[in-house]
2 protein chains.
Amino acid sequence: MGYTLEEIARLAGVSRSTVSRVINHHPSVRPEVRERVWRIIREVGYQPHAAARNLATRRSRIVGVVIPEALPKFFSDPYFPAVLRGISDALTERSYHLMLSLLSPQQEEDFYQRALRGRLVDGIIVISAQITDPLIRQAYQEGLPVISVGRYPQEPGVSYVDVDNVGGGRMATDHLLRLGRRRIATIAGPQTRAPGIDRLEGYRAALRAWGIDPPPEWIAEGDFTEIGGYVAMRRLLSARPDAVFAASDLMAVGAMKAIREAGLRIPEDIAIVGYDDVELARFTDPPLTTVRQPIYELGRIAVRLLLSQLEEGAREPQQVVLPTELVIRASCGALQERGALEPRGASLSGWD
Amino acid sequence: MGYTLEEIARLAGVSRSTVSRVINHHPSVRPEVRERVWRIIREVGYQPHAAARNLATRRSRIVGVVIPEALPKFFSDPYFPAVLRGISDALTERSYHLMLSLLSPQQEEDFYQRALRGRLVDGIIVISAQITDPLIRQAYQEGLPVISVGRYPQEPGVSYVDVDNVGGGRMATDHLLRLGRRRIATIAGPQTRAPGIDRLEGYRAALRAWGIDPPPEWIAEGDFTEIGGYVAMRRLLSARPDAVFAASDLMAVGAMKAIREAGLRIPEDIAIVGYDDVELARFTDPPLTTVRQPIYELGRIAVRLLLSQLEEGAREPQQVVLPTELVIRASCGALQERGALEPRGASLSGWD
DNA sequence: GTTTATTTTGGGAGCGCTCTCATAGGAGGA
DNA sequence: TCCTCCTATGAGAGCGCTCCCAAAATAAAC
């Protein structure tokens with residue numbers, strides 16, 4: 001423990017430089033020498049000192065992953081673990097390390113100073129940024145490598161990966177239209193955040209394509225939670241919709257409750273489509289038709305974009321939007337065997 | 001961008017050493033000089049280079065958090081996010097950074113080499129180790145700072161934080177005994193992992209204290225999953241128990257299904273207590289009495305132990321066991337208003 | 001067998017910081 | 001007023017690596 005390059009060099013009877021070349025797989029070392037050096041390295045269990053290397057190369061091979069305001073959402077939402085897995089897998093493949101920061105807004109500034117400007121990390125990936133995330137803006141303006149998971153409209157030059165929320169909203173609404181529904185209401189997400197805005201935009205686009213102009217009373221705003229969906233749905237009921245597109249599964253669940261309380265049937269009286277495909281969606285009554293997003297991929301691609309900046313020096317903003325997928329279950333009325341998958345009590349494994 | 005100590009020194013008209021003292025809050029700098037230096041630092045936005053500092057101090061202020069085999073469990077289990085939050089909060093308070101590694105067994109070795117022996121991290125916290133985790137053992141044997149979240153019986157000197165699984169099992173079982181149940185069966189967790197072993201031990205201890213010696217047919221082993229609980233319960237039914245202690249909530253849910261299929265009522269015919277207090281436990285029918293663990297604290301304390309090794313050079317193994325808490329709902333029969341909390345359909349927010 | 005080109009190796013100079021030690025001022029005591 | 005004792009500051013030597021450049025060894029060309 002605690003060997004240095006110098007000592008390995010001495011043991012192998014070569015110079016420091018040669019050992020350095022061996023570790024870094026530089027071609028111009030005689031195979032015989034290379035072998036000898038490796039043997040010594042393995043023998044004594046030598047491992048180059050990370051800080052020394054980082055200092056000399058001016059690279060740390062560490063990527064910061066920032067989850068602002070993680071505290072409430074990090075729990076319930078399967079979103080974060082999935083993105084994180086994607087990021088982690090992709091980084092590991094490329095021999096990078098992942099520095100995780102669950103930050104409150106006050107801590108963000110401090111983090112930024114220490115980690116990014118102090119070159120502790122080579123770049124950062126910010127997940128689910130507020131629409132005006134100062135971290136992203138600051139990093140971007142100083143030319144430090146940053147990728148946003150979720151589009152970042154404030155600063156058009158910021159690279160991001162996002163899911164096609166407009167497309168997802170359109171797909172969900174279009175599906176209801178094709179099933180013959182015409183009075184399609186929506187429970188939109190908060191209009192302060194990109195997913196909320198985009199999914200509503202998709203809803204509008206789909207209706208527009210069918211020549212329908214939704215009146216204001218078809219649109220209610222929720223906050224992505226179950227209660228929010230419930231409250232919004234009660235308001236929408238007076239418009240007598242025959243279908244609802246909810247911008248999150250949780251809101252869809254709340255909406256289903258309100259619909260049932262009003263004595264209406266799902267999907268016969270009101271069809272419903274959610275968004276996210278959370279695990280729960282398979283176990284609602286009836287199972288929820290919903291929009292699935294490639295969340296794991298989101299993480300992987302964020303890494304790919306960041307490393308292309310880091311290693312190939314890509315300068316122009318790269319903006320990737322991934323397509324979504326419609327998962328058809330019974331709540332939209334497209335399936336015959338409605339109720340067949342209905343669970344007894346709450347259940348998570350899906351085996352019953 | 002890219003200022004060095006030297007340059008700040010020149011700008012402030014002092015030496016490098018003095019600037020270094022200022023940043024490190026060394027007392028012996030004249031207040032007037034200190035102020036002048038700080039002003040320059042703020043003005044140019046200077047930030048010390050992390051790698052240079054790490055090299056000189058031989059400390060990185062980074063702690064590695066290793067979650068082996070994260071892939072399947074990281075999702076469903078609220079355990080990991082909670083521990084992670086505890087760790088993250090505690091580290092942030094002490095100005096440490098968190099390096100997260102979601103590792104497959106093959107990657108563990110590589111990680112160990114690079115991160116720990118290369119001094120990329122000052123120490124590691126391993127969550128939910130396999131009972132024979134090689135990472136922990138290797139680190140421990142080389143004297144590198146490692147804390148296990150969950151006890152590590154293989155190597156008695158390893159420091160760990162754990163939850164009192166024996167106490168939790170005893171508490172759950174004792175509760176059923178106090179409610180008058182006498183034929184108490186258990187669905188134990190896998191006997192290859194500490195929580196499984198310990199909770200069963202607690203069950204035994206509680207019965208022993210009441211002079212009851214559970215026959216083998218009262219004990220079935222599950223794998224912590226819902227199916228596992230279902231299968232185990234079907235086996236147990238032939239022993240005609242009047243209560244069951246399931247070593248996980250998921251198994252309890254499976255057991256409830258089996259009980260109901262057998263035409264028996266909960267809690268009248270068979271009372272049931274689970275373990276973990278997962279979110280779902282509030283929404284089963286009837287709501288599940290269960291054992292809650294201080295998971296967030298687990299993370300915080302892991303950090304405290306690690307830093308006491310790192311900063312105060314604590315050498316002797318520190319082993320902390322946290323108490324659990326019994327959350328009484330209707331499934332054990334202790335509550336009158338059974339069914340009052342019963343949800344309609346699936347629901348997560350608990351507001352209905 | 002030279003000369004020239006090429007590959008392999010070694011030495012030196014950093015990377016940007018900390019930390020010990022020596023020195024220059026000042027304060028305090030006689 | 002002089003000497004002693006602190007306190008504030010500066011200089012220098014690393015920390016352990018990479019990378020450039022020149023030297024040595026080898027191969028190729030004449």
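Note that the structure is a prediction, hence the values are computed from the model and not measured. Each chain gets a letter, A, B and so on, in the order the sequences are listed, and its residues count up from 1.
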Mind grabbing the angle between the end helix axes of the helix from C:dG1-D:dC30 to C:dA30-D:dT1? Five pairs an end, 10° rounding.
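Taking five pairs per end, the axes differ by 40°.
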
Just N and O in the side chain of [X]: are any of them under 4.0 Å from OP1 or OP2 of [N]?
X: B:Arg59; N: C:dT18; answer: no
X: A:Asn24; N: D:dT18; answer: yes
X: A:Thr57; N: D:dC17; answer: no
X: A:Ser17; N: C:dG10; answer: no

Do B:Gln319 side-chain atoms and B:Val158 backbone N/O form a donor-acceptor pair below 3.5 Å?
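A pair under 3.5 Å: yes.
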
Taking B:Asp122 for the side chain and B:Ser60 for the main chain, is one N or O donor matched with an acceptor at less than 3.5 Å?
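At least one qualifying donor-acceptor pair exists.
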
Given protein heavy atoms under 4.0 Å, the one-letter contact record of nucleotides 22-27 of chain D, with B base, S sugar-phosphate only and - none, is simply ------

Taking the side chain as every heavy atom from C-beta outward, state whether [X] and [Y] have any atom pair closer than 4.5 Å.
X: B:Leu116; Y: B:Leu135; answer: no
X: B:Tyr96; Y: B:Val303; answer: no
X: B:Asn24; Y: B:Arg53; answer: yes
X: B:Leu5; Y: B:Tyr46; answer: yes
X: A:Leu144; Y: A:Arg119; answer: yes

Using whole Å, report how far [atom1] of [X] lies from [atom2] of [N].
X: A:Gln47; N: D:dC15; atom1: CD; atom2: P; answer: 19 Å
X: A:Arg117; N: C:dC17; atom1: CZ; atom2: C1'; answer: 17 Å
X: A:Arg119; N: C:dC17; atom1: CZ; atom2: C1'; answer: 16 Å
X: A:Leu55; N: D:dC17; atom1: CG; atom2: P; answer: 12 Å
X: A:Tyr3; N: D:dC15; atom1: OH; atom2: P; answer: 17 Å
X: A:His26; N: D:dC17; atom1: NE2; atom2: C1'; answer: 16 Å
X: A:Arg10; N: C:dG11; atom1: CZ; atom2: P; answer: 14 Å
X: A:Ile23; N: D:dG16; atom1: CD1; atom2: P; answer: 14 Å

N/O donor-acceptor pair, side chain B:Arg16 with base C:dT18, under 3.5 angstrom
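Checked by distance alone, the answer is yes.
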
Please pick, from [options], the nucleotide with the shortest atom-to-atom distance to any side-chain atom of [X].
X: B:Ser15; options: C:dC17, D:dG10, C:dG11; answer: D:dG10
X: B:His49; options: C:dG16, D:dG16, C:dG10; answer: C:dG16
X: A:Tyr46; options: D:dT9, D:dC17, C:dC15; answer: D:dC17
X: B:Val14; options: C:dT18, D:dG16, D:dG10; answer: D:dG10

Interatomic spacing from CG in A:Asn165 to CG in A:Leu322 - rounded to 0.5 Å:
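A:Asn165 CG to A:Leu322 CG: 10.5 Å, rounded to 0.5 Å.
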
Inspect the contact between A:Arg42 and A:Glu35 and indicate whether a charged nitrogen and a carboxylate oxygen are less than 4.0 angstrom apart.
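Here A:Glu35 pairs with A:Arg42 in a salt bridge, since their nearest N and O are under 4.0 Å apart.
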
Should B:Arg300 and B:Glu93 count as an ion pair when the cut-off is N to O under 4.0 Å?
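Result for this pair is yes, salt bridge flagged.
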
Can you tell me if B:Gln107 and A:Thr92 form a side-chain donor-acceptor pair at under 3.5 Å?
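Checked: B:Gln107/A:Thr92 side chains show no N/O donor-acceptor pair below 3.5 Å.
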
Could you identify which residues of residues 31-41 of chain B place a heavy atom less than 4.0 Å from some atom of DNA chain C, listed by residue number, or say none?
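Per residue number, the list is empty: none.
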
Heavy atoms under 4.0 Å, any strand shown: does A:Thr4 hit a base, just sugar-phosphate, or nothing?
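Since only primed, P, OP1 and OP2 atoms lie under 4.0 Å of A:Thr4, the category is sugar-phosphate.
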
Tell me what B:Ser28 touches on the nucleic acid: a base, only sugar-phosphate, or nothing, going by heavy atoms under 4.0 Å.
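Result for B:Ser28 = base.
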
Among A:Ile62, A:Val63, A:Ile87, which residue satisfies the side-chain contact (heavy atoms from CB on, under 4.5 Å) criterion with A:Leu98?
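The single option meeting the side-chain contact (heavy atoms from CB on, under 4.5 Å) with A:Leu98 is A:Ile87.
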
Using 30° and 60° as the class limits, which term best fits the ring planes of A:Trp38 and A:His25: parallel, tilted or perpendicular?
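Answer is tilted, since the angle falls between 30° and 60°.
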
Return the 5'-most residue of the pair B:Thr18, A:Ala56 with respect to DNA chain D, ranking by each residue's nearest nucleotide.
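The answer here is B:Thr18.
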
